[in-house]
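Encoded as structure tokens, the structure appears first; notes follow it.
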2 protein chains.
Amino acid sequence: MNIEKTITALNNPTRRNIIGWLKDRSNFPPALPEHADLEGVCVAFIQEKAGLSQSTISNYMGLLKEAGLVSSERHGQFTFYSRNDDAIQAFLSALEKEFL
Amino acid sequence: MNIEKTITALNNPTRRNIIGWLKDRSNFPPALPEHADLEGVCVAFIQEKAGLSQSTISNYMGLLKEAGLVSSERHGQFTFYSRNDDAIQAFLSALEKEFL
DNA sequence: TTCATAAATCAGAATATATCGATATCTCAA
DNA sequence: TTGAGATATCGATATATTCTGATTTATGAA
């Protein structure tokens, strides 16, 4: 848990939104039938929801992943990103410890 | 509680340290006798502890105050800053609500 | 009223972040 | 093996942040 990197990753409204959206798969279009059993959401769906360019979202997902807030799995041409609940919890605990 | 402004204020190690230091008055030199009954710590003490310039610390305290994380009281030529525990708690709760 | 001190504000240089379009890489399918 | 689609990476520009020293603005004391 790198608190510096994590705060920086979350210091952006779109990236915070992405973390929020990923709480619930139904925030995105239904997965293709062949992806029905996979965790996570592909970049294109996140991009569409965020309304920013593909390169920006790819970059954002990289930052969130670097910070440990999401994980990714590649399946074919798709990369599926999902929340890393434990890391998010750990971050909040670290903040409490530092500030309270 | 402006989560954007607050995260930005905390997205800096020195500013996070300041919030931490202000938990305990004994992190700073003893107050002058004529200030013994006042809350908070003067800018000069914070500056010395942080090891950054006066203008930087004054600016940082302004950001923290803008974000509601500290309050200030002027007494004579001195400005005393103290933690705003409620706001810090509210921020952590807001983060939890947004992310968990 | 004038001086010294504490803090705030200003102007500026260096670095980081946001965001894009273009290009490169990877993988499936024809 | 070629083409198309999904991501990732690159290069660039605009904006924001960090941090400084210099200046300005209080304020208390001589």
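Every chain is numbered from 1 and lettered A, B, ... according to where its sequence line falls, protein lines coming before strand lines.
- Rounded to an integer number of Å, the gap from CZ of A/Phe45 to C1' of D/dG5 is 14 Å.
- Not a single donor-acceptor pair, N or O on each side, falls under 3.5 Å between the base of C/dA6 and the side chain of B/Gln54.
- Of the residues in residues 21-31 of chain A, none lies under 4.0 Å from DNA chain C by heavy-atom distance.
- Residue side chain B/Gln77 reaches the base of C/dT5 through a donor-acceptor N/O pair under 3.5 Å, judged by distance alone.
- The neighbour count for B/Glu39 CD, taken as heavy atoms of other residues, nucleotides or ligands under 6.0 Å away, does not exceed 12.
- Taking for each of A/Ser53 and B/Val43 the nucleotide of DNA chain C with the nearest heavy atom, the 5'-most of the two is the partner of B/Val43.
- Around the CD atom of A/Glu48, the shell of radius 6.0 Å holds no more than 12 heavy atoms that belong to other residues, nucleotides or ligands.
- Among the protein residues, A/Ile57 comes within range of no part of the nucleic acid, since none of its heavy atoms lies under 4.0 Å from any strand.
- For A/Leu32 and D/dG5, the CG to C1' distance is 12 Å, given to the nearest whole Å.
- Residue A/Tyr81 is classed as a sugar-phosphate contact, given heavy-atom separations below 4.0 Å to backbone atoms only.
- For a distance-only test at 3.5 Å, the side chain of B/Ser55 qualifies as a donor-acceptor partner of the base of D/dG21.
- In this structure, B/Phe80 atom CZ and C/dA6 atom C1' are separated by 10 Å, rounded to whole Å.
- Look at CG on A/Asn59: it is 18 Å from P on C/dA22, rounded to the nearest Å.
- Checking the phosphate oxygens (OP1, OP2) of C/dA8, a side-chain nitrogen or oxygen of B/Ser58 falls inside 4.0 Å.
- Taken residue by residue, residues 7-18 of chain A places heavy atoms nearer than 4.0 Å to DNA chain C at A/Thr8, A/Asn11, A/Asn12, A/Arg15.
- Under the 3.5 Å distance criterion, the side-chain polar atoms of B/Arg25 are left unmatched by any main-chain donor or acceptor of B/Asn27.
- For the pair A/Leu52 CG and C/dT17 P, the interatomic distance rounds to 17 Å; values are reported in whole Å.
- Residue B/Thr79 is classed as a sugar-phosphate contact, given heavy-atom separations below 4.0 Å to backbone atoms only.
- Contact annotation: B/Tyr60 side-chain N/O to C/dT9 OP1/OP2 distance is not under 4.0 Å.
- Spacing between atom NE2 of B/His35 and atom P of D/dT27 amounts to 13 Å, rounded to whole angstrom units.
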